[in-house]
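If you read the sequence from its start, that first residue is 1, and numbering goes on from there.
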Amino acid sequence: MATTPAPHPQAPPKPTWDPRDPVRPLLRPTIRIRLTLLYGGMFLIAGILLLSIIYLFTAQALSDSTSQLPFKVVNGTVQPTTSWCRLPESPTGDQLNDAVTLCLRHQSDLALDDLLRRSLFALLGLSIIAFAFGYAMAGRVLSPLGRITRTARQVAGSDLSRRIELDGPDDELKELADTFDEMLDRLERAFTAQQRFVANASHELRTPLAINRTLLEVHLSDPGAPVELQQLGKTLLATNERSEQLVEGLLLLARSDNQIIERKPVDLAEVAERGVDQVHAEAEAKGVEIRGERAPAVVQGNGVLLERIALNLLQNAVRYNVPEGGWVEVTTEAKDGQAVLVVSNTGPVVPAYEIDNLFEPFRRLRQERTGSDKGVGLGLSIARSVARAHSGRIIAEPREGGGLVMRVTLPI
């Protein structure tokens, strides 16, 4: 029976306006307005700072150039005070004016070079500060998007109970988060109702099937029953057993669609060994050899469900095999932070375009729903659902020469 999810904590207040209303309030603090004010203000402050610094540098350069002239007047003669200011020894008026002009021009060039150098250093410092401040502010503005993304990833792991519950101003991100929460509410109700229906229907079907099996077994145990009646009873008993397997498969499929909450260390090698033990008798009866090395590969999960993956894959590998000289290879290993279970077998050639259909419920190779005594068509669907519930995946590939290679990868 599916359990009712725990109530969510108190959600932040909803926006004071209706998100579905095409008319928005004029004073609504939208992202556009906030970013415009933020980056416009930052640009204005940076411009004021840069202008002030350049003004101070210019004032200092002019002060230095006027207070330290490259020449001086001594006893009516002009004498240079720097090594780069050259004046003629007995200059005429025009020669002296030209020489003084060159010295003053050279001093201005030196002042402009010093001003440019200081301005470049000031611009570099302001750029570093602006980039750091802009990065911090952008991260703060976009932090709700990170929260929405993390919640979406958790929901992708089949945890529909997660909610964003974003607080803050009633802007576009708040509207997006609230809409996403409402969508998750509807999805959770739909999935919960679906799982509850499957679980209740399966439980309700168990009782009449169990009664039918008991009645058939009682009639078959009567030695005086006619042969035709016994044959009919065996046929009905086989049909009843198939229905029971279908009900159990539906229950397990509904259970494995949920996220695994209680996790314990499980060794895939041990899980594979148990699956081999359960199909050993059937494999011997069909003349199928089971082989392979199984190295320890410990994962966190539900041992019963993981054992079901191995059992379903092994049963398919044994039942869909060649009539003579068939084999099934089962290996486990831990590689690159993942535990890997590989089940490969001989068998009929499987076209690559039919691989995806094998994982659909009630689907088999080149046939659907009925006409097979090899199962109820839920084995691979259950295996894929259990793998997803453990944040893993299962991949099927056609094996060269016939058969399949089923690869299950689970995070360690």
Would you name the heavy atoms of Ala310 and Ala272 that are closest together and state the gap between them?
CB-CA, 4.3 Å
Of all heavy-atom pairs linking Ala283 and Ile290, the shortest is CB-CD1, 3.8 Å
Sub-3.5 Å donor-acceptor pair from the side chain of His390 to the main-chain atoms of Asn302, do we have one?
yes
What I'd like to find out is whether the side chain of Phe180 reaches to under 4.5 Å of the side chain of Leu184, using heavy atoms alone.
yes
Residue pair Arg196, Thr192: steps toward the side-chain contact (heavy atoms from CB on, under 4.5 Å) verdict:
CA-CA 6 Å; Arg196 186 182 296 114; Thr192 301; 3.2 Å; yes
Strictly distance-based, threshold 3.5 Å: is any side-chain N or O of Asn345 a donor or acceptor partner for the main-chain N or O of Val318?
no
Side-chain contact test, heavy atoms from C-beta onward, threshold under 4.5 Å: evaluate it for Val342 versus Val330 and give yes or no.
no
Please assess Ile394 against Met406 for the test side-chain contact (heavy atoms from CB on, under 4.5 Å), listing each intermediate value before the final yes or no.
CA-CA 7 Å; Ile394 177 171; Met406 310 294 294; 4.0 Å; yes
For Ala352 and Pro398, the nearest pair of non-hydrogen atoms, with its separation, is CA-CG, 4.0 Å
Counting C-beta onward and ignoring hydrogens, is there a side-chain heavy-atom pair between Leu404 and Ile355 closer than 4.5 Å?
yes
Apply the test side-chain contact (heavy atoms from CB on, under 4.5 Å) to residues Glu293 and Glu333: give CA-CA distance (whole Å), side-chain angles for both, the deciding distance (0.1 Å), then the verdict.
CA-CA 9 Å; Glu293 297 182 359; Glu333 64 175 343; over 6 Å; no
Would the distance check show the side chain of Ser385 and the main-chain N or O of Ser381 forming a donor-acceptor pair, the cut-off being under 3.5 Å?
no
Heavy atoms only: give me the nearest Pro265-Val298 pair and the separation to one decimal.
CB-CG1, 3.9 Å
Nearest 0.5 angstrom please: Arg407 CZ to Arg393 CZ, how far?
9.5 Å
Arg118 vs Asp114, salt bridge (Lys or Arg N to Asp or Glu O under 4.0 Å): CA-CA, chis, key distance, verdict:
CA-CA 6 Å; Arg118 293 186 180 184; Asp114 183 65; 3.2 Å; yes
Let me see the working for Arg274 and Asp277 under salt bridge (Lys or Arg N to Asp or Glu O under 4.0 Å), right down to the final yes or no.
CA-CA 5 Å; Arg274 292 180 180 176; Asp277 292 339; over 6 Å; no
pair Leu311-Val279: side-chain heavy atoms closer than 4.5 Å
yes
Please step through side-chain contact (heavy atoms from CB on, under 4.5 Å) for the pair Val271 and Ile309, ending with a clear verdict.
CA-CA 9 Å; Val271 167; Ile309 290 183; over 6 Å; no
Given the rule in the salt bridge (Lys or Arg N to Asp or Glu O under 4.0 Å) test, do Glu188 and Arg163 qualify, once you have shown the distances and angles that lead to the verdict?
CA-CA 11 Å; Glu188 185 181 17; Arg163 296 295 181 273; 2.5 Å; yes
Whether over 12 other heavy atoms sit under 6.0 Å from Phe121 CZ
no
Under 3.5 Å side-chain donor-acceptor pair for Glu307 and Gln278
yes
In short, Ala339 meets Leu268 closest at the heavy-atom pair CB-CD1, 3.6 Å
Test item: Thr332 side-chain N/O and Ala297 main-chain N/O as donor-acceptor pair under 3.5 Å
no
Would you call Leu306 and Leu410 a side-chain contact if the rule is heavy atoms closer than 4.5 Å?
yes
Less than 4.5 Å apart, side chain to side chain, heavy atoms only: is that true for Val408 and Ile395?
no
Just by distance, do the side chain of Thr331 and the backbone of Gly292 share a donor-acceptor pair under 3.5 Å?
no
Other residues, nucleotides and ligands only: do more than 12 of their heavy atoms fall within 6.0 Å of CZ on Arg291?
yes
With sequence neighbours excluded, what pairs up with Ser119 under the side chain to side chain contact (heavy atoms under 4.5 Å, CB included) test?
Ile54, Phe57, Leu115
Apply the side-chain contact (heavy atoms from CB on, under 4.5 Å) test between Glu217 and each candidate in Leu237, Asn240, Asn212; give the one that qualifies.
Leu237
Nearest-0.5 Å distance, CD of residue Glu329 to OG1 of residue Thr346:
11.0 Å
Would you indicate whether the side-chain heavy atoms of Val328 and Asn321 approach each other to under 4.5 Å?
yes
What is the distance from atom CZ of Arg308 to atom CG of Leu313, rounded to the nearest 0.5 Å?
11.5 Å
Nearest 0.5 Å, what's the OG1-CD1 distance between Thr58 and Ile53?
11.5 Å
How long is the straight-line distance from CG of Leu380 back to CG of Asn357, given to the nearest 0.5 Å?
11.5 Å
Residues Ser391 and Pro411: closest non-hydrogen pair is O-CD, 3.4 Å
Counting only N and O atoms by type, is there a donor-acceptor contact under 3.5 Å from the side chain of Arg399 to the main-chain atoms of Ser344?
no
Inter-residue atom distance Tyr320.OH - Lys286.NZ, 0.5 Å rounding
10.0 Å
Under 3.5 Å: donor-acceptor pair, side chain of Ser143, backbone of Arg140:
yes
In terms of heavy-atom contacts, does CZ of Arg206 have more than 12 from other residues, nucleotides or ligands at under 6.0 Å?
yes
I'd like to know whether Glu270 forms a salt bridge (Lys or Arg N to Asp or Glu O under 4.0 Å) with Arg294, so could you lay out the CA-CA distance, the side-chain angles of the two residues, the decisive distance to 0.1 Å, and finally the verdict.
CA-CA 8 Å; Glu270 182 180 356; Arg294 291 172 280 280; over 6 Å; no
Quick one: does any side-chain atom of Thr207 pair with a main-chain N or O of Glu204 as donor and acceptor, under 3.5 Å?
no
Holding to side chain to side chain contact (heavy atoms under 4.5 Å, CB included), I want the full list of residues that pass it with Ile129, two or more places apart in sequence or in another chain.
none
